[in-house]
Amino acid sequence: MNRRKLSTMAAGALASALLIASPLALADHHGKDAYGKRDMSQVCEDFREGTGKFSPEARQERREKYRAEADKRHAEMADRLKLDKEQRKVWDEMQMERRQQHEARAEKWRERLAERCANQDQ
């Protein structure tokens with residue numbers, strides 16, 4: 001074999017070895033499952049106790065902060081669109097409907113999580 005072929009094959013083998021080893025080298029679970037999600041038993045415990053991400057005070061604070069930012073963005077968008085009073089009223093109704101839909105989805109999510117945690121305990 002000439003030197004060129006040997007070098008090309010060595011480079012290919014090295015690249016293959018690096019690609020095969022990269023997921024193992026980059027994997028860091030740190031208490032999470034294979035998909036990077038938290039342990040379900042810990043999630044259920046936090047959900048029942050209302051701690052961590054499920055803390056009512058923290059959730060309320062995050063919700064108020066998000067709503068203030070969202071209201072500001074919606075008002076800026078309405079200004080850029082140069083909406084008149086009637087159009088602004090329709091715009092505000094649309095935003096309220098979206099907020100209600102979001103709250104309904106969040107409630108369904110909480111119900112599914114409660115059911116999932118109840119099934120996990122059994």
Trace of the side-chain contact (heavy atoms from CB on, under 4.5 Å) decision for Glu76 with Leu81: CA-CA 9 Å; Glu76 289 172 355; Leu81 293 171; over 6 Å; no

Donor-acceptor pair, distance only, cut-off 3.5 Å: does the side chain of [X] make one with the backbone of [Y]?
{"X": "His102", "Y": "Arg98", "value": "no"}
{"X": "Trp109", "Y": "Ala104", "value": "no"}
{"X": "Arg62", "Y": "Lys53", "value": "yes"}

Is there side-chain contact between [X] and [Y], with at least one heavy-atom pair below 4.5 Å?
{"X": "Arg59", "Y": "Ser55", "result": "no"}
{"X": "Gln95", "Y": "Trp91", "result": "yes"}
{"X": "Glu61", "Y": "Lys65", "result": "no"}
{"X": "Glu49", "Y": "Phe54", "result": "no"}

message: With a 4.0 Å cut-off on N to O distance, would you call Arg88 and Asp79 a salt bridge?
response: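 Answer for the salt bridge query: yes.
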
message: Under 4.0 Å between a side-chain nitrogen and a carboxylate oxygen: does that hold for Arg110 and Glu107?
response: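 Looking at Glu107 together with Arg110, the answer is yes, because their closest N to O distance falls below 4.0 Å.
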
task: Could you tell me which non-hydrogen atom of Pro56 sits nearest to which non-hydrogen atom of Gly50, and how far apart they are?
output: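 In this case the closest contact between Pro56 and Gly50 is CD-O, 3.7 Å.
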
message: Tell me the closest heavy-atom pair linking Cys44 and Gln120, and the distance in Å.
response: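 Residues Cys44 and Gln120, closest heavy atoms: SG-OE1, 3.1 Å.
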
- prompt: Does the pair Glu103 and Arg67 meet the rule for a salt bridge (Lys or Arg N to Asp or Glu O under 4.0 Å), with working shown?
  reply: CA-CA 12 Å; Glu103 290 172 0; Arg67 281 187 181 165; 2.4 Å; yes

- request: State the CE-SG distance between Met40 and Cys117, to the nearest 0.5 angstrom.
  value: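 Result: 4.5 Å between the selected atoms.
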
- request: Find the distance between NE2 (His74) and CG (Asp92) and round it off to the nearest 0.5 Å.
  value: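 It is 10.0 Å, given to the nearest 0.5 Å.
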
Residues Gln60, Glu64; criterion side-chain hydrogen bond (donor to acceptor under 3.5 Å, both in side chains); working and verdict: CA-CA 6 Å; Gln60 182 67 24; Glu64 288 172 2; 2.9 Å; yes

In one Ile/Leu/Val/Met/Phe/Trp/Tyr side-chain cluster, 4.5 Å: Leu83, Met94: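 They do not share one cluster, since no chain of ILVMFWY contacts under 4.5 Å joins Leu83 to Met94.
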
